[in-house]
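By convention in this document, chain letters (A, B, ...) are assigned in the order of the sequence lines, proteins followed by strands, and residues within each chain are numbered from 1. Atoms considered below: every heavy atom in the structure, side chains included; atoms not considered: hydrogens, waters and symmetry mates.
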Amino acid sequence: MLEKFLKPYNPSETEQRLYDAWETSGSFNPDNLPESEGRPPFSVVLPPPNVTGVLHLGHAYEDSLQDAVIRFQRMRGKRALWVPGTDSAAIATQARVEKEYSKRRGESRHDLGREELVRRVYEFAKNSEDTILSQVRRMGASLDWSRYAYTLDEKREKAVTTAFVRMYEAGLIYRGHRIVNWDPKGQTTISDDEIVYQEEQTTFYYFKYGPFTIGTARPETKFGDKYVVIHPDDARYKEWKHGQQLELEWINGPITATIIKDESIDMAFGSGVMTITPWHSMVDFEIAERHGLDKEQIIDEYGKLLPIAGEFAGMKIADARPKIVEKLHQKGLVVKEEPYTHNIATAERTSCIIEPQIKLQWFVDVNRHFSLSHSEIPGIESGSTLTLKELMRAAVERGGVDMPQEGFRKAYFHWIGNLHDWCISRQIWFGHRVPVWYRGEEAFCGTEAPRGNDWEQDPDVLDTWFSSALWTFSTLGWPEKTDDLAKFHPTSFMSPAYEILFLWVSRMILMAGFHLGQVPFKTIMIHGLVRDSKGRKFSKSLGNGVDPLEMIDKYGADALRMGLLVGTALGNDIRFDESKVKGYKHFANKLWNIARFVLENAEKAGVTTLEPNPALVPADLAHLQTLNALTKEVTDDFENYRIYLAADKLYHYAWHELADKILEESKPILASDDETAKTSRAQLLLFLLDRTLRLLHPFMPFVTEEIWQSMPTKDADFLMVARWPDV
RNA sequence: GCGCUCUUAGCUCAGUUGGUUAGAGCGUACGCUUCACACGCGUAAGGUCAUAGGUUCGAAUCCUAUAGAGCGCACCA
């Protein structure tokens, strides 16, 4: 019976077998738990990994953290649900398939056609989903696979179109010509949050513009500039009146310019005078909007100059800039040049410099008032009128979403303060298509195509974060009124990386608030990034990747989980340390040997039950009290999401208290002739082991389960569904 | 510019609401075939808790300033 304990603990022999046994038992699905109906719900949705991706340490960390919480709550008697899913990662996935196709055939997606491309991308995504899913399983994640969701499956498609239509009908989604971040390489718009600012050394030019001197870092945009903007309080230019016109010589000949007075001008910067290019600058666009000015396009969607540039038309920006400056020199219009350092906007995905463009796009209006007919959010009453911005703010400010980390709260509110309308249309083919159809001047927005001929659907798809924002409730069956939705939403807890606080977390709050009058989750604990041992991000180009599966092969999933969780305070970045993982592999083996010792002695003493009140001597009672105190602390740590502390304490207890002290002091007792003392001691040890296994199970599910299966005292088929000790 | 986080043993990090001699893993030195475990046991070395002030009976923990590291947001044409 104890034969398996004669060899060191072997994770690779154990883990797959146990995971299969758990999965087969059906216990990942909370509906199958004993007395399921009476249990209070506890739900978490897994941040869906990219369906075509592979597991990295960031996933491994999140899986460890959430699985620990879910396992704890399940053992505590909650109806614990953890919903798995994957994300289409539309832009990346389409780009990959397109690239492969064009490499083979030398043709573009347009040769393939929309329908065929989408079919192939979908097929590619579905074919590779097994990889990531089996990898998540290897972490020991106790996800309810019967509720698996994919961002582009039929149910989620319905949720997305329904959400769009309802927001459109409420006037919160509109289509308009507005300035957007255009990625000339990706040939699509991107949101503000997908921009990365990079420092650039460049030249700042001062040009003679009629009687003024204007400064610019972008001479190539200046062809169409015909407005001179001055601060109304600037004494240097007070003789110039708003709306006044003047003739002057410019790059390609004489032009008529108009004076505009606007308070957005910084008098101290440059000469205090600027000309504007509304088509290619956010700030300029806003000035032009305020004063109703003309807007002209200078640069096309591929980053080339348009005919307005005259002799420079058709040139790329980088080539044109020096030539334009040269011409201005010849015309005597260059006043001076100085070196200049500034940040330029680049696209996160393509690293291409963003060229703002005015485009006809779909937007979510975050400043428009609407009536929230039903609200369960604390501090927001049903029927109140507010904007989406106010909704997002109030949900956190008034405690609907508990965001205890002060730093992240501040960042969140600050972000909301700066929030602009959210551009949600993207010019790619793979994704949720905008549910709007056009026929001439008519437009129809609905969950299904309108009847009649000649309707054409909008070619754009939605920002992937639009569908992700619905994730907490689209995975539970919304827009249908499902039992799951009633029971499990709002979800209990979410722990995303700070990277996606704005991209995802805030948008979930927006969507759950608008569509359900609920928050998406009651508590949010934001965690840091897993980095390499030098503190760098893991990246392909650095080649510093650590494969979690390799770690599991080497040390076991339990060791990896502990290595990632112990001593990593939530919110700070984590430097991955392989030696730590190794240490916890040794710990798994230590537990194994503690079990062997305890079980051997229990067997010898004939102890096979956990007496409710074993006959204990005072020394034994003290050991019980120590463990009771620890149990209380660990329970408390779990409930307050101080998981890293709970894990540390249990490690310390098992090794340095149970093994080093209690087992050692038990040896002479167990070797003595005092049968009563022996039995009592064996009884105590069995009890302590049983309790330790329960407490450690959320962190090290495999080794604790494997030992539990040999316990003479087990009171459930699996430790996974055994009860957490009461305190 | 505004804001956030971090600075604790050689390395990677804990230290929850301020409370007895500051902890863990790995590493280092020495000694152990002790019958649960060498994936082990024992012993030891190693920290002015970035710096300077302050609050307090008491501070790694709270406040202020400084230095260094990192990050976020906003950007000035």
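Nucleotide B/U5 forms a Watson-Crick or G-U wobble pair with B/A69, both donor-acceptor distances falling under 3.5 Å. Pair check for B/G40 finds B/C32; Watson-Crick or G-U wobble, both atom distances under 3.5 Å.
Side-chain atoms of A/Lys580 stay outside donor-acceptor range of the base of B/A24, with no qualifying N/O pair under 3.5 Å.
Comparing atom distances between the A/Asn343 side chain and each of B/G25, B/G40, B/A74 picks out B/A74 as nearest. Taking every side-chain heavy atom of A/Lys585 into account, B/C39 is the closest of B/C39, B/G42, B/A14.
Atom OH in A/Tyr498 sits roughly 15 Å away from atom C1' in B/C73 (whole-Å rounding). Whole-Å rounding puts the A/Arg409 CZ to B/G72 C1' distance at 18 Å. In this structure, A/Leu564 places its CG atom 13 Å from C1' of B/U12, rounding to the nearest Å. Spacing between atom CD1 of A/Ile594 and atom C1' of B/G40 amounts to 12 Å, rounded to whole angstrom units.
Contact annotation for A/Lys410: backbone-only contact, meaning every heavy-atom pair under 4.0 Å involves sugar-phosphate atoms and none involves a base. Using a 4.0 Å heavy-atom cutoff across all strands shown, A/Ile276 reaches no nucleic acid atom at all. When heavy atoms are screened at a 4.0 angstrom cut-off, A/Ala411 is found touching no nucleic acid atom at all.
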How far apart are the C-alpha atoms of A/His280 and A/Glu220, what are their side-chain angles, what is the distance that settles it, and do they pass the side-chain hydrogen bond (donor to acceptor under 3.5 Å, both in side chains) test?
CA-CA 11 Å; A/His280 300 292; A/Glu220 68 278 5; over 6 Å; no

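Both A/Ala659 and A/Ala569 lie close to RNA chain B; mapped to their nearest nucleotides by heavy-atom distance, the more 5′-ward contact belongs to A/Ala569.
Judged purely by atom type and a 3.5 angstrom limit, A/Thr346 uses its side chain to pair as donor or acceptor with the backbone of A/Val196.
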